[in-house]
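A short write-up of the structure that comes next.
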Number of protein chains: 2
Amino acid sequence: MRIKQLEYLEAVIETGSINEAAKRLYLTQPSLSSAIKDLEKEMGITILQRSNAGVRLTADGREFMNYAKQILDQVHLLDDRFKKQQPLHQSFAVSAQHYAFVVNAFVELLKKINAPTYKFTLRETETENIFNDLRTFKSELGVLYINN
Amino acid sequence: MRIKQLEYLEAVIETGSINEAAKRLYLTQPSLSSAIKDLEKEMGITILQRSNAGVRLTADGREFMNYAKQILDQVHLLDDRFKKQQPLHQSFAVSAQHYAFVVNAFVELLKKINAPTYKFTLRETETENIFNDLRTFKSELGVLYINN
DNA sequence: TCGATTTACGCTCGACGTAACTATG
DNA sequence: CATAGTTACGTCGAGCGTAAATCGA
């Protein structure tokens, strides 16, 4: 049993669908499906009742989740205490020419992410510097617009 | 972070030595060492103070273990409830000729394991049947003695 | 130099992906 | 037939191994 599997299961139950949960977890539906299956096999119980309308907890599954939730809560406590300190410095920088559509896209991104995990930077610079920024890993993404 | 890592760490702390813990966990010392290192790196703290006399908990490590112990306790609760039901049928069988040293070794094994997890069987049979038992997976181990 | 840990590096297995299949309203 | 799920199978990385290096009493 892996902590990840419990987190996966939690997401599946919250969404009521392996498909939806897979999207939220950024993995493919078959991968998630087999991860859950592996867990069920290891525990020797059926946790989910599958149908074409999604999934529902079985009685065993409901009891299992009670235990699993306890574990996840403890894991979160530990993570909060120790883990999340330094990822604050993580940054995502874009170097681009000065164009409105770049700024718009960047703002859209900020809206979507909306988390304090990353430090976002948009460098508007000359074309040549875009290449330099990427080569020196100063920026993660470069945007060029070539007008024909 | 994996549950295994926490269990590894627990064993290391209980024994006060990566070497000893590795033996208890049936893995090699370097593997265990790097597993612990990975955990420390992920958490961004130093858990163990290494020396040529073994290891000791740092202040961070002591606090970390308080959290980890909670997680492990919850995991054990879950395992006890669901997991350990069927492994009772697991069996370990030996096919061998009738020799005192085989019986002695088998008894030694029983003493050492001393757990109700396995069903032990010793089949004393003719040489040819030893091969058959292994081929059909009836036994896990065959013992032949060739007298010169 | 002995007994502990770490570093270097190779292999295998498992986690995840893609493609194709199944089933039900 | 659309939308849920699973099965089949390939790939890549992580976990574990072995061998050699390091380090302190």
Side-chain angles (χ1 to χ4, degrees), chain A residues 1-58 60-62 64-65 68 71-72 75 79 83 87, chain B residues 1-58 60-62 64-65 68 71-72 75 79 83 87:
Chain A
M1 182 177 68
R2 293 168 295 124
I3 293 170
K4 269 195 178 180
Q5 285 174 310
L6 301 183
E7 291 170 343
Y8 290 174
L9 181 60
E10 188 179 39
V12 169
I13 289 162
E14 279 177 13
T15 59
S17 154
I18 298 184
N19 249 303
E20 281 308 304
K23 285 173 196 163
R24 204 172 96 181
L25 296 166
Y26 298 107
L27 44 87
T28 59
Q29 192 275 332
S31 295
L32 180 53
S33 176
S34 87
I36 302 290
K37 280 220 149 183
D38 289 346
L39 183 61
E40 289 180 312
K41 190 174 175 188
E42 180 181 354
M43 293 298 153
I45 58 174
T46 301
I47 298 174
L48 298 177
Q49 180 193 328
R50 281 95 163 156
S51 77
N52 61 334
V55 297
R56 274 180 44 203
L57 274 175
T58 62
D60 276 346
R62 205 164 296 116
F64 182 87
M65 269 316 288
I71 296 174
L72 289 174
V75 169
D79 280 349
K83 204 169 175 182
Chain B
M1 182 177 69
R2 294 168 294 126
I3 293 171
K4 267 196 180 181
Q5 285 175 310
L6 301 183
E7 290 170 343
Y8 290 176
L9 181 60
E10 188 180 39
V12 169
I13 290 162
E14 281 177 13
T15 59
S17 154
I18 298 183
N19 248 304
E20 282 308 304
K23 286 174 197 164
R24 205 172 96 181
L25 295 166
Y26 298 107
L27 45 88
T28 59
Q29 193 275 331
S31 295
L32 179 54
S33 176
S34 86
I36 302 290
K37 280 222 148 182
D38 289 346
L39 182 61
E40 288 180 311
K41 191 175 176 187
E42 179 181 354
M43 292 299 152
I45 59 173
T46 300
I47 297 174
L48 298 177
Q49 180 192 328
R50 281 93 163 157
S51 77
N52 59 337
V55 297
R56 274 180 44 203
L57 274 174
T58 63
D60 275 347
R62 206 164 295 116
F64 182 88
M65 267 317 287
I71 296 173
L72 289 175
V75 169
D79 280 348
K83 204 169 174 181

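When reading the values below, keep in mind they use all heavy atoms of this one structure, side chains included, and skip hydrogens, waters and symmetry mates. The chains referred to below are lettered A, B, ... by the order of the sequence lines, with proteins before strands, and numbering in each begins at 1.
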[atom1] of [X] versus [atom2] of [N]: gap in Å, rounded?
{"X": "A:Arg56", "N": "D:dG5", "atom1": "CZ", "atom2": "P", "result": "14 Å"}
{"X": "A:Leu32", "N": "D:dT7", "atom1": "CG", "atom2": "P", "result": "14 Å"}
{"X": "A:Lys37", "N": "C:dA15", "atom1": "NZ", "atom2": "P", "result": "16 Å"}
{"X": "B:Leu39", "N": "D:dC16", "atom1": "CG", "atom2": "P", "result": "13 Å"}
{"X": "B:Arg50", "N": "D:dT22", "atom1": "CZ", "atom2": "P", "result": "19 Å"}
{"X": "B:Gln49", "N": "C:dT6", "atom1": "CD", "atom2": "P", "result": "12 Å"}
{"X": "A:Glu7", "N": "C:dC16", "atom1": "CD", "atom2": "P", "result": "11 Å"}

(message) Quick test of your reading: applying side chain to side chain donor-acceptor pair (under 3.5 Å), list the pairs with at least one residue in residues 12-25 of chain B, sequence neighbours left out, ordered by first then second residue.
(response)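 The answer is B:Glu14-B:Arg24, B:Glu20-B:Lys23.
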To the nearest 0.5 Å, what is the distance between [atom1] ([X]) and [atom2] ([Y])?
{"X": "B:Tyr8", "Y": "B:Leu39", "atom1": "OH", "atom2": "CG", "result": "12.0 Å"}
{"X": "B:Ile3", "Y": "A:Arg2", "atom1": "CD1", "atom2": "CZ", "result": "9.5 Å"}
{"X": "A:Asp79", "Y": "B:Met43", "atom1": "CG", "atom2": "CE", "result": "5.0 Å"}
{"X": "A:Ser33", "Y": "A:Asp38", "atom1": "OG", "atom2": "CG", "result": "9.5 Å"}
{"X": "A:Lys83", "Y": "B:Ile45", "atom1": "NZ", "atom2": "CD1", "result": "12.0 Å"}

(request) Scan residues 19-30 of chain A against DNA chain C and write down, sorted by residue number, each residue with any heavy atom closer than 4.0 Å; if none is found, say none. (result)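 Heavy-atom cutoff 4.0 Å gives A:Tyr26, A:Leu27, A:Thr28, A:Pro30.
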(message) At less than 3.5 Å, do the side-chain atoms of A:Ser31 and the base atoms of C:dG17 form a donor-acceptor pair?
(response)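 Indeed there is one.
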(request) Indicate whether OP1 or OP2 belonging to D:dA4 is found under 4.0 Å from a side-chain N or O atom of A:Ser51. (result)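 Negative; the distance criterion is not met.
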(request) Look only at the side chain of A:Thr46 and the backbone of A:Leu48, and say whether a donor-acceptor pair between them is shorter than 3.5 Å. (result)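 Such a contact is absent between A:Thr46 side chain and A:Leu48 backbone.
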(message) Checking the side chain of A:Glu7 only, and the main-chain atoms of A:Leu25 only, is there a donor and an acceptor separated by less than 3.5 Å?
(response)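 Side chain of A:Glu7 to backbone of A:Leu25: no pair is present.
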(request) Give B:Ser34 one of three labels, base, sugar-phosphate or nothing, depending on what nucleic acid heavy atoms sit under 4.0 Å from its own. (result)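 It contacts nothing in the nucleic acid.
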(request) Name the nucleic acid region contacted by A:Ser17, choosing base, sugar-phosphate or nothing; use a 4.0 angstrom heavy-atom cut-off, strictly under. (result)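 Answer is sugar-phosphate: A:Ser17 comes under 4.0 Å of backbone atoms only.
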Just the atom pairs and distances: protein N or O near nucleotides 13-15 of chain D's N or O, under 3.5 Å.
{"residue": "D:dG15", "atom": "OP1", "partner": "B:Arg2", "partner atom": "NE", "Å": "2.7"}

(message) Looking at B:Glu40 and B:Arg50, is any side-chain nitrogen of the basic one under 4.0 Å from a carboxylate oxygen of the acidic one?
(response)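 B:Glu40 and B:Arg50: salt-bridged.
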